[in-house]
Amino acid sequence: MDRYNIQETEKKWQSLWADKEAFITEDHVEGKEKYYVLEMFPYPSGKIHVGHVRNYTLGDVVARFRKAEGYNVVHPMGWDAFGLPAENAAIENGRHPAEWTYANIAVMREQLKAMGLSFDWSREVATCSPDYYRHEQKMFLDFFKNDLAYRKESVVNWDPVENTVLANEQVVDGCGWRSGAPVERRTLNQWFLKISAYADELLEGLDDLGGWPEKVRTMQDNWIGKSQGLQFKWDINNYDEDVEVFTTRPDTIFGASFVGIAPDHPLAEKLAGDKDGFAAFIQQCQALGTSEAAIEKADKLGFDTGYTVNHPFVEGLTLPLYIANFILMDYGTGAIFGVPAHDQRDFEFATKYGLDIKPVVIPEGEDAQGFKLEDKAYSGEGKLANSAFLDGLEIEEAKSLVISKIEEKNMGQGKTQYRIRDWGVSRQRYWGCPIPMIHCADCGVVAVPEDQLPVTLPEDVSFEQAGSPLANHPTWKHTKCPECGKDAQRETDTFDTFFESSWYFARYCDAQNTNKGFAKDKADYWLPVDQYIGGVEHAVMHLLYARFFMRALSACGYTDVKEPFKALYTQGMVNHATYKDQSGKWVFPNDVIKQDDGSFKHASTGEKVTEGAVIKMSKSKKNVIDPQEIMDSYGADAARLFILSDSPPDRDLEWSEAGLEGAWRFINKLHRTVHDFIAARPNLTADAPKGLSDDSKTLRALTHKTAHEIKADITNFHMNKAVARCRELYNAITGFKAVNDDDNWALKEALEYLIRVMNPMIPHVTEQLWQDFGHTENLYDAPWPLTDESLIVEDTVNIAVQVNGKLRATIKLPKDIEKSDAEDSALSEPAVQRAIEGKTIRKVIVVPGRVVNVVVA
RNA sequence: GCGGGCGUGGCGGAAUCGGUAGACGCUGCGGACUUAAAAUCCGUUUCCCUCUGGGAGUGGGGGUUCAAGUCCCCCCGCCCGCACCA
């Protein structure tokens with residue numbers, strides 16, 4: 001018998017698809033609606049990983065399925081090619097970032113091709129190419145002209161030994177990852193994009209994103225963080241400036257026991273700069289770096305300025321003015337009033353420094369005098385108390401009243417505040433897109449004239465010295481001022497790599513365009529992306545930046561599309577068990593052999609190995625599987641099928657060798673079953689034979705039902721259910737005994753339907769089997785199989801019969817039976833009789849088509 | 001710390017609107033075929049019991065309901081994001 005040759009067959013179809021340009025897409029195809037499927041493009045880190053396999057398999061199922069449904073599908077792929085790892089490779093191995101990056105791209109492109117993905121490779125982009133980034137330089141200049149880009153000071157993590165800015169992930173326990181030196185916060189002048197100007201629009205736009213997961217919309221909503229509050233000034237005793245605070249809880253003003261400012265608040269140095277311990281305190285705050293998580297997780301620390309402030313409503317009441325490490329300069333005014341009873345951070349702070357904790361919001365059912373806080377702040381509902389003119393009011397009433405009183409006193413005003421900050425796009429790095437600006441001593445900041453774009457990166461850079469390679473380059477930055485012609489210097493910062501990923505989906509619409517990033521009509525045709533698929537870790541930043549970027553581009557006349565992604569699907573991660581040897585070192589799963597007693601040993605050394613937690617695959621823990629090895633030994637179809645089979649795509653997936661083998665077995669079985677059928681050479685008619693046996697009718701019903709339901713499953717991303725249904729149909733096929741050619745006709749229909757509905761999941765073997773059946777068209781170009789609705793209507797249903805909610809029997813009844821008849825049938829069941837014996841029937845609940853519940857006492 | 005999510009057999013998971021918990025796969029066990037093994041095929045696989053039946057059971061505790069994996073409240077555990085990783 002002929003065995004299925006996976007490697008040969010998969011290569012054969014991959015080259016056929018390439019030769020026929022099967023997935024090269026034209027714009028505006030007559031009579032077809034467009035459908036844009038997009039997966040988040042990869043960073044070319046070296047080789048593809050299982051997370052990529054999952055992401056691109058999901059996208060491929062959608063793309064092939066929508067094509068079969070008759071859409072004009074575009075499914076592009078490219079490379080998010082700028083970024084830190086390329087520079088790290090340069091430092092560690094001496095390889096040039098460009099050389100390293102392009103070599104990785106070449107490897108990964110071949111790997112993606114070997115997966116049989118239906119990409120339109122004619123649209124491929126690499127963001128590190130000047131052909132790509134020249135256009136975003138132009139976009140930046142347009143943002144600048146339209147007042148959407150500006151410069152301001154902001155804080156970075158500074159490594160004093162390496163003389164370089166550190167990313168947050170490069171700060172480990174407050175120290176630089178390579179130098180080990182404590183990081184400092186340093187202020188630099190940097191470029192920002194005014195995403196805050198679109199805060200309301202981005203927030204309101206979320207309501208129209210029905211195709212997005214609720215959780216992602218909620219996260220973006222919280223990130224934008226719109227809040228109504230009060231901004232007002234506190235008078236500082238014996239000092240001629242006021243301190244301005246922002247609060248979302250003006251109602252709790254009578255519970256205030258201190259006022260706090262951020263360590264980098266301009267007043268901090270002025271008020272306390274000459275005090276003992278100030279420098280040490282500031283240093284301690286700086287050691288936390290700039291990461292918000294690190295700052296908020298740190299123990300609450302304060303420094304008493306010695307100054308006091310006057311309470312706005314209580315004559316003679318003064319509160320201490322602290323500098324506190326948990327107050328963020330970036331939010332509000334960088335100053336707060338602390339209400340320990342009703343804010344957890346303030347509570348911890350007050351506990352530590354012995355400040356008053358005075359409850360002013362009393363929950364319902366508690367007495368204002370008796371209400372005591374246990375060990376944490378109370379932030380729930382309640383009525384005001386201990387608060388002079390606010391006593392007895394609801395929180396919202398009290399907020400408005402305090403705001404209007406403050407406004408009357410001219411001390412401040414109600415204010416809408418956003419948590420979102422403007423997007424800092426400057427990076428002090430080499431491997432990024434140069435920011436097309438020039439600094440002139442006389443003219444200030446001047447844009448590079450458009451006819452001088454692109455500003456390209458110099459190739460001869462050194463990573464030997466500390467600091468930014470662009471700034472260190474001997475000649476690159478020296479240029480002439482475009483306005484006055486005198487000597488001037490180029491901006492040596494490059495863009496944040498989120499800049500590139502904020503418009504790549506628009507570039508795909510017109511990837512070959514050398515004049516501009518994309519032609520408006522092409523973007524307006526293809527965009528928005530109909531289905532975007534990627535990791536949930538991008539729920540906020542990338543997705544929010546891209547939404548902003550399209551609005552900014554739209555404001556500059558590039559396109560009419562403001563929302564780039566109509567529907568979003570966020571996939572879960574891929575996890576794998578971890579292994580350690582006796583010395584505690586991580587071991588690759590590939591080097592582990594499971595023994596008969598369930599224990600593990602090292603494949604080459606024979607040493608005992610212990611199995612650890614099942615966690616996200618990561619190189620550092622070595623719990624990685626190389627997709628290349630999977631494809632080499634099991635084939636792309638098996639890898640794809642396994643990854644779709646087990647877990648629902650939005651949940652984490654546990655990689656399992658056994659599950660992969662199961663998928664591989666299925667593909668071989670499917671091949672064998674089809675070939676056994678063909679070899680039997682049944683004599684078949686073209687149309688459905690009349691008078692099919694009941695078994696054949698049942699098989700036909702399942703066949704058509706399966707095609708129908710898989711369509712719904714794929715539409716809803718229930719890929720694991722779709723696979724389960726395919727296996728059910730397959731099980732029915734192999735359990736089916738054909739006694740004549742009429743039966744064989746039904747069998748062939750079932751097999752062909754199975755092949756067709758599985759094509760988006762396992763495209764190679766299904767194309768092959770379709771051809772083996774004698775079809776001359778290819779499945780990639782074939783429509784989704786039709787469902788004959790008349791075959792799938794059932795006239796009887798199984799009804800559960802319960803007594804007091806407990807299942808006692810199931811009965812088969814006509815679908816449209818009268819309730820009373822269903823009740824009679826249920827009560828006559830022996831098991832029901834037994835259960836109700838000697839009891840009184842209180843009532844009987846009949847849910848048509850589902851359940852009869854007999855309630856007895 | 002803040003924001004968001006997830007939790008169902010030995011394992012991954014299924015269960016449309018609150019209506020038969022465990023589809024489908026994996027593993028294990030038993031059997032067939034074989035000189036033998038692999039492959040393949042068949043059966044079986046939530047737990048407990050006094051087993052022609054019955055009881056328990058969806059992270060834990062409480063509640064609503066004729067009926068709860070599903071709704072509500074509290075708690076526990078794990079995961080993602082937190083603005084210079086991508």
Side-chain angles (χ1 to χ4, degrees), chain A residues 40-43 45 80 82-85 88 156-157 165-171 190 213-216 218-219 221-223 225 290-298 300 326 330 344-345 348 419-429 496-498 501 535-542 544-545 570 572-573 575 613 615-616 642 645-648 650-654 656-663 665-666 668-669 672 712 718 720-721 723-728 731 734 798-802 804-810 831 834 842-845 847 849-856:
Chain A
M40 291 179 182
F41 65 165
Y43 179 79
S45 54
D80 188 13
F82 274 138
L84 266 187
N88 292 335
V156 294
N157 299 309
V165 175
L166 298 176
N168 282 333
E169 71 155 13
Q170 296 174 315
V171 178
Q190 309 200 68
E214 187 67 42
K215 61 176 176 181
V216 176
T218 308
M219 280 190 263
D221 189 327
N222 289 331
W223 184 271
T290 61
S291 142
E292 196 171 304
I295 292 168
E296 293 198 7
K297 251 187 277 185
K300 304 286 168 288
F326 63 91
D330 287 317
Q344 186 57 27
R345 290 167 300 180
E348 287 167 31
R419 201 187 74 97
I420 193 171
R421 316 198 288 258
D422 276 338
W423 175 14
V425 294
S426 297
R427 298 290 181 272
Q428 296 69 40
R429 318 231 176 261
D496 176 8
T497 55
F498 278 126
S501 55
V536 68
E537 65 272 21
H538 292 292
V540 178
M541 300 184 69
H542 159 59
L544 194 57
Y545 289 145
T570 55
M573 290 172 312
N575 298 333
I615 51 173
K616 179 182 177 177
F642 165 66
S645 301
D646 267 18
S647 296
D650 57 348
R651 258 202 255 174
D652 287 358
L653 169 83
E654 188 184 335
S656 114
E657 204 72 21
L660 175 69
E661 276 177 38
R665 272 201 299 273
F666 178 82
N668 285 297
K669 284 194 291 188
R672 191 170 56 236
H718 297 154
N720 54 328
K721 286 163 68 180
V723 173
R725 287 191 213 284
C726 289
R727 287 180 179 277
E728 275 175 299
N731 290 345
T734 53
N798 282 321
I799 305 275
V801 184
Q802 303 172 331
N804 281 354
K806 282 200 166 64
L807 183 71
R808 294 298 162 186
T810 57
R834 235 180 293 131
R842 282 285 159 80
K843 60 176 164 176
V844 179
I845 289 150
V847 183
R850 291 202 180 269
V851 78
V852 177
N853 190 9
V854 184
V855 184
V856 295

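To find a chain, count down the sequence lines: A is the first, B the second, and so on, and within it residues start at 1.
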Base of B:rC51 relative to its sugar, syn (within 90° of 0) or anti?
syn

What's the CE-P distance between A:M573 and B:rC80, to the nearest Å?
5 Å

Less than 4.5 Å apart, any side-chain heavy atom of A:E537 and any of A:H542?
no

Can you name the nearest heavy-atom pair linking A:Y43 to A:G83, along with the distance?
OH-O, 3.8 Å

Could you tell me whether B:rC79 is syn or anti, where syn means a glycosidic angle within 90 degrees of zero?
anti

Need one value for A:I420: base, sugar-phosphate or nothing, where a base atom within 4.0 Å counts as base even if backbone is also close, heavy atoms only.
base

Using atom P of each nucleotide, how far apart are B:rG18 and B:rC73 to the nearest Å?
16 Å

To the nearest angstrom, the CD-P distance between A:E657 and B:rU27 comes to 11 Å

Given side-chain contact (heavy atoms from CB on, under 4.5 Å), test A:F326 with A:E296 step by step and report yes or no.
CA-CA 6 Å; A:F326 63 91; A:E296 293 198 7; 5.8 Å; no

Looking only at the side chain of A:R672 (C-beta and beyond, no hydrogens), which of the listed nucleotides B:rC84, B:rC41, B:rG5 gets closest?
B:rC41

With respect to the phosphate group of B:rG7, does any side-chain polar atom (N or O) of A:R651 fall under 4.0 Å of OP1 or OP2?
yes

Please give, in whole Å, the distance from B:rG3 P to A:E214 CD?
17 Å

Between A:K806 and A:K215, whichever has its closest RNA chain B nucleotide further toward 5' is A:K215

For B:rU70 and B:rC79, measure between their P atoms and round to the nearest Å.
24 Å

I need the NE2-C1' distance between A:H718 and B:rA15, as an integer number of Å.
12 Å

Presence of donor-acceptor pair under 3.5 Å, side chain of A:Q190 and base of B:rC84
yes

Produce the list of close N/O pairs, under 3.5 Å, pairing protein atoms with atoms of nucleotides 23-26 of chain B; give distances to one decimal.
residue : atom : partner : partner atom : Å
B:rA23  : O2'  : A:E728  : OE2          : 2.8
B:rG25  : OP1  : A:N731  : ND2          : 3.1
B:rC26  : OP1  : A:R665  : NH2          : 3.1

Checking contacts here: which listed nucleotide (B:rC2, B:rU40, B:rA86) is nearest the side-chain heavy atoms of A:Y43?
B:rA86

Between A:E292 and A:D330, is there a side-chain heavy-atom distance shorter than 4.5 Å?
no

Measure from the side-chain heavy atoms of A:E169 and tell me the nearest of B:rA86, B:rC85, B:rU40.
B:rC85

Taking the side chain of A:D496 as its heavy atoms from C-beta onward, which of B:rC84, B:rU16, B:rA83 lies nearest to it?
B:rC84

Rounded to whole Å, how long is the line connecting atom CZ of A:R427 with atom P of B:rA83?
11 Å

May I ask you to test the A:R834-A:R808 pair for a side-chain heavy-atom distance under 4.5 Å?
no

Distance check: side-chain N/O of A:N853 vs OP1/OP2 of B:rA67, anything under 4.0 Å?
no

Polar side chain donor-acceptor pair, A:N168 to A:T290, under 3.5 angstrom:
yes

Students often get this wrong, so: under 4.0 angstrom with heavy atoms, is A:W423 touching a base, only sugar-phosphate, or nothing?
nothing

For A:F498, report the nucleic acid contact type (base, sugar-phosphate, nothing); a contact means any heavy atom under 4.0 Å.
base

Nucleotide nearest A:R429 when distance is taken to its side chain, options B:rC84, B:rG4, B:rC66
B:rC84

Suppose you measure atom C1' in B:rC11 against the same atom in B:rU16; what distance do you get, rounded to whole Å?
27 Å

Have a look at A:Q802 and say if it touches a base, only the backbone sugar-phosphate, or nothing, with a 4.0 Å heavy-atom cut-off.
base

Parallel, tilted or perpendicular for A:Y545 and A:W423, by the 30°/60° rule?
parallel

NA contact type, A:L84, heavy-atom cut-off 4.0 Å: base, sugar-phosphate, or nothing?
sugar-phosphate

Tell me, do A:V801 and A:T810 make a side-chain contact under 4.5 Å, heavy atoms counted?
no

Over all strands shown, is A:M40 touching base, sugar-phosphate only, or nothing at heavy-atom distances under 4.0 angstrom?
nothing

Pairwise side-chain contact, A:T734 with A:K669, heavy-atom cut-off 4.5 Å (strictly under):
no

Is there a donor-acceptor contact under 3.5 Å from the side chain of A:D80 to the main chain of A:F41?
no

Rounding to an integer number of angstrom, what distance separates B:rU58 and B:rG4 when you compare their C1' atoms?
24 Å

Base, sugar-phosphate alone, or nothing: which one does A:R808 contact when heavy atoms must sit under 4.0 Å apart?
sugar-phosphate

Which part of the nucleic acid, if any, lies within reach of A:R834 when heavy atoms closer than 4.0 Å are counted: base, sugar-phosphate only, or nothing?
sugar-phosphate

Checking A:D650 side chain against A:T570 main chain: does a donor-acceptor pair fall under 3.5 Å?
no

Working for side-chain contact (heavy atoms from CB on, under 4.5 Å), residues A:V855 and A:N804:
CA-CA 5 Å; A:V855 184; A:N804 281 354; 3.8 Å; yes

When the distance from CZ of A:F82 to P of B:rC85 is rounded to whole Å, what number comes out?
17 Å

Ignoring the backbone of A:S647, work out which of B:rC66, B:rG13, B:rA83 is nearest its side chain.
B:rG13

Inspect the surroundings of NZ in A:K806 and state if more than 12 heavy atoms from other residues, nucleotides or ligands are less than 6.0 Å away.
no

Each stem that RNA chain B is part of, given as range with range (3 or more consecutive Watson-Crick or G-U pairs, under 3.5 Å)
B:1-7 with B:76-82, B:10-12 with B:24-26, B:28-32 with B:40-44, B:46-49 with B:53-56, B:59-63 with B:71-75

Let me know the distance between CD of A:E537 and P of B:rG3, rounded to the nearest Å.
22 Å

Taking B:rC85, B:rG1, B:rA83 as options, the one with an atom nearest any side-chain atom of A:P85 is B:rC85

Looking at A:N168, I'd like to know whether one of its side-chain N or O atoms comes within less than 4.0 Å of OP1 or OP2 on B:rA83.
yes

Heavy atoms only, 4.0 Å cut-off, all strands: where does A:D80 land among base, sugar-phosphate and nothing?
sugar-phosphate

Considering every strand and a 4.0 Å limit on heavy-atom distances, what is the contact class for A:P42: base, sugar-phosphate, or nothing?
nothing

Protein-nucleotide distance (A:N668, atom CG; B:rU40, atom P), rounded to Å:
8 Å

So what does A:H542 hit on the nucleic acid, given a heavy-atom distance under 4.0 Å: a base, only sugar-phosphate, or nothing?
nothing

Mind checking the P distance from B:rG19 to B:rC71? Whole angstroms is fine.
11 Å

Just call it for A:N804: base, sugar-phosphate, or nothing, with non-hydrogen atoms closer than 4.0 Å on any strand.
nothing

For the C1' atoms, the ones on B:rU44 and on B:rA38, what distance do you get once it is rounded to whole angstrom?
23 Å

Could you check if the base of B:rG28 is syn or anti? Syn means the glycosidic torsion is within 90 degrees of 0.
anti

Compare every heavy atom of A:L166 with every heavy atom of A:R429, then report the nearest pair and how far apart it is.
NH2-C, 4.0 Å

Remember a base hit wins even if backbone is also touched, and classify A:G572 as base, sugar-phosphate or nothing at under 4.0 Å, heavy atoms.
nothing

With heavy atoms under 4.0 Å as the rule, sort A:S291 into base, sugar-phosphate or nothing.
sugar-phosphate

When you match A:V801 and A:G424 each to their closest nucleotide on RNA chain B, which lands nearer the 5' end?
A:V801

